[in-house]
Amino acid sequence: MSELAGKHIVLGLTGGIACYKSAELCRLLVKGGATVQVVMTDSAREFITATTMQALSGRPVYSSQWDAREPNNMPHINLSREADAILLAPASADFIARLVQGRSDELLSLLCLARPVDRVPLLIAPAMNREMWVHPATQRNLRQVAADGARVLGVGNGWQACGETGDGRMLEAAQLYEEVVAQFQPKLLAGQHVVVTAGPTFEALDPIRGITNHSSGKMGFAVARAAREAGAEVTLIAGPVHLPTPRGVRRIDLQSAREMLEATVSATAAATVFVATAAVADWRPATHSAQKIKKDGSGQPPVLHFVENEDILQTIAQGQRAQSGALFCVGFAAESENLVAHATAKRERKGIPLLVGNIGPLTFGQDDNSLLLVDQSGTRELPRASKLSLARQLVAEIAARLPTKG
Ligand SMILES: Cc1cc2nc3c(=O)[nH]c(=O)nc-3n(C[C@H](O)[C@H](O)[C@H](O)COP(=O)(O)O)c2cc1C
């Protein structure tokens, strides 16, 4: 994992219990290839030691604007100029209030104020008690720092150190790491609304059993994450899978192909890109038994009858939005052989501009894959790589094919 190679992050800690999570965050950033300079307020040092943060970042921690280690004695200038991004995690209510006022009586607020706003993004991960979070002063301050150019990353919900439950927990280290990685991705899909289907469908026979397939949903979830990183608004329509929702993505969970069709028709009504990665069942049982189908002792297994499901991709691709060019449709084909021939034929049959072929048994459940892109000009292979890396390449391929606005 070297997604952050070459990136220099100033990780600012302010006074809150969530400082304990910042140790893990620092570790993740370093593991991701970034260099990390930790800056702590005096209050932050009450919660976690500078020794821990120095050991994890591999650099001495800064806390004072009077730090004479800097030859020019201006750590606020030097540290903010070196940074590719400043991440405040945790950001206390008090610190956010100070940012609003442009206060600068200690190093961390001083370097935030001194940062070149156009070049060095400021990411804020608030952490506080739920009452502090919902207080109008805090909400007003958050709106103001966002209006002043900072990115407020939101908070989690749940049990708090004070014993109360609600909004205000700092996001988990892995979620913040994901946000930092996203920050550096090119915003190729800014202004687009992308709908992605992912995972298998489940076609119930009775309340106990059903027919499904080996799709894990990993490719579709990676596409949703990559599209969001690229600046799109993303709706992810997922069959039954056990995967965490990518940050900032709206997720709709469902089971059957018919439910997926209905959700997709509705979601694509306002979308500009549709990526159909879901492995949708071609057929569903003709009847659904309200009770479990039991053995009757005759030794004769039940005879199952199937009916064909409506083709989701084809339905959307033949709809008014796709036909008018307002919705760009991308299909996926999971084959077991003759990928080029099957994928080429499928693209033509579905009438879509871009089809992505892959070999089912080599992708289902795997973290990596290889893809075959098929469009009107021919085929191109994206060699084996992580699904996230392939998803980012696919996003770039989609962006390059979208009609230019204006
Ligand atoms: C035990 C304890 C826990 C605290 N937790 C938080 C917190 O999670 N969020 C917050 O905004 N303030 C919290 N505070 C209050 C801040 O530490 C206080 O406002 C401090 O002045 C913040 O300083 P700083 O912004 O310079 O780091 C806590 C205080 C104490 C004593």
Side-chain angles (χ1 to χ4, degrees), residues 9-26 29 36-54 56-57 59-67 75-76 79-80 83 85-115 122-146 148-176 179:
I9 312 293
V10 167
L11 176 59
L13 276 64
T14 72
I17 302 287
C19 279
Y20 79 90
K21 294 187 188 175
S22 306
E24 175 68 9
L25 172 61
C26 180
L29 293 169
V36 180
Q37 176 61 60
V38 176
V39 178
M40 299 171 75
T41 63
D42 288 346
S43 300
R45 298 175 81 122
E46 297 287 329
F47 292 89
I48 188 170
T49 66
T51 309
T52 297
M53 298 310 294
Q54 175 173 350
L56 291 172
S57 63
R59 287 169 174 251
V61 170
Y62 281 77
S63 279
S64 166
Q65 58 178 316
W66 312 115
D67 197 318
H76 62 293
L79 299 186
S80 64
I86 300 172
L87 170 60
L88 300 177
S92 71
D94 181 69
F95 195 85
I96 294 164
R98 301 214 299 277
L99 287 178
V100 168
Q101 292 189 348
R103 299 276 296 275
S104 46
D105 58 357
E106 50 75 45
L107 178 59
L108 189 54
S109 54
L110 176 58
L111 78 82
C112 288
L113 190 68
R115 86 185 198 281
L122 177 63
L123 281 60
I124 298 183
M128 64 198 72
N129 164 270
R130 67 191 175 110
E131 300 291 0
M132 294 169 72
W133 172 252
V134 296
H135 195 286
T138 302
Q139 291 302 317
R140 190 168 61 237
N141 288 340
L142 287 165
R143 282 193 296 277
Q144 188 58 54
V145 288
D148 290 345
R151 245 186 90 206
V152 179
L153 301 177
V155 291
N157 174 283
W159 188 82
Q160 302 195 315
C162 51
E164 298 178 0
T165 301
D167 288 336
R169 284 170 57 91
M170 188 169 85
L171 295 177
E172 299 307 318
Q175 295 174 309
L176 292 174
E179 291 286 3

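Please read all numbers here as calculations on a predicted model, not as lab measurements. Numbers for residues simply follow the sequence, beginning at 1. Just follow the structure's listing: the first ligand is 1, and inside any ligand the first atom is 1.
Of the possible donor and acceptor atoms, one in the side chain of Gln160 sits under 3.5 Å from a partner among the backbone N and O of Met128. The main-chain N or O of Met53 is found under 3.5 Å from a side-chain atom of Ser57 such that the two form a donor-acceptor pair. Judged by distance alone, with hydrogens and angles left aside, the side-chain atoms of Thr14 form a donor-acceptor pair with the main-chain N or O of Pro90 at under 3.5 Å. Of the possible donor and acceptor atoms, one in the side chain of Glu106 sits under 3.5 Å from a partner among the backbone N and O of Leu108.
Under the side chain to side chain contact (heavy atoms under 4.5 Å, CB included) test applied with Met40, the options Cys19, Ser63, Ser64, Ser22 reduce to a single match, Ser63.
What sits closest to atom 12 (N) of ligand 1 on the protein, heavy atoms only, is Gly15 O, 3.5 Å. Here the protein heavy atom with the shortest distance to atom 25 (O) of ligand 1 is Ser92 OG, 2.7 Å. Of all protein heavy atoms, the one closest to atom 4 (C) of ligand 1 is Phe47 CZ, 3.8 Å. For atom 20 (C) of ligand 1, the closest non-hydrogen atom on the protein side is Ser43 OG, 3.5 Å. What sits closest to atom 11 (O) of ligand 1 on the protein, heavy atoms only, is Ala93 N, 2.8 Å. Looking at atom 19 (O) of ligand 1, its nearest protein heavy atom turns out to be Asp94 CB, 3.7 Å. Nearest to atom 5 (N) of ligand 1 among the protein's heavy atoms is Gly16 CA, 3.7 Å.
Here is the list of ligand 1 atoms found below 4.0 Å of a heavy atom in Phe95: 25 (O). Contact atoms of ligand 1 toward Thr14: 25 (O), 27 (O) (distance under 4.0 Å to a heavy atom of the residue). Close contacts of ligand 1 with Met132, meaning ligand atoms under 4.0 Å from a residue heavy atom, involve 10 (C), 11 (O), 12 (N).
Residues Arg143 and Gln139 form a side-chain contact, since some pair of their non-hydrogen atoms from C-beta on lies under 4.5 Å apart.
Ligand 1 has Ala127 within reach: a non-hydrogen atom of the residue lies less than 4.0 Å from it.
Residue Thr41 touches ligand 1 through its side chain alone, judged by heavy-atom distances below 4.0 Å. Contacts with ligand 1 closer than 4.0 Å are made by side-chain heavy atoms of Arg98 only, the backbone lying farther away. Neither the backbone nor the side chain of Glu46 comes within contact range of ligand 1; no heavy atom lies under 4.0 Å.
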Query - Criterion side-chain hydrogen bond (donor to acceptor under 3.5 Å, both in side chains) on Glu46 and Ser43, from CA distance to verdict - result: CA-CA 5 Å; Glu46 297 287 329; Ser43 300; over 6 Å; no
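A donor-acceptor contact closer than 3.5 angstrom is absent between the side chains of Thr51 and Gln54.
In this structure, atom 22 (C) of ligand 1 has a protein heavy-atom contact shorter than 4.0 Å. Protein heavy atoms all stay at least 4.0 Å away from atom 31 (C) of ligand 1.
The existence of a salt bridge linking Glu172 and Arg169 is confirmed by a sub-4.0 Å separation between a basic side-chain nitrogen and an acidic carboxylate oxygen.
Within the model, atoms CG of Leu176 and CD of Glu24 stand 11.0 Å from one another, a figure rounded to the nearest 0.5 Å.
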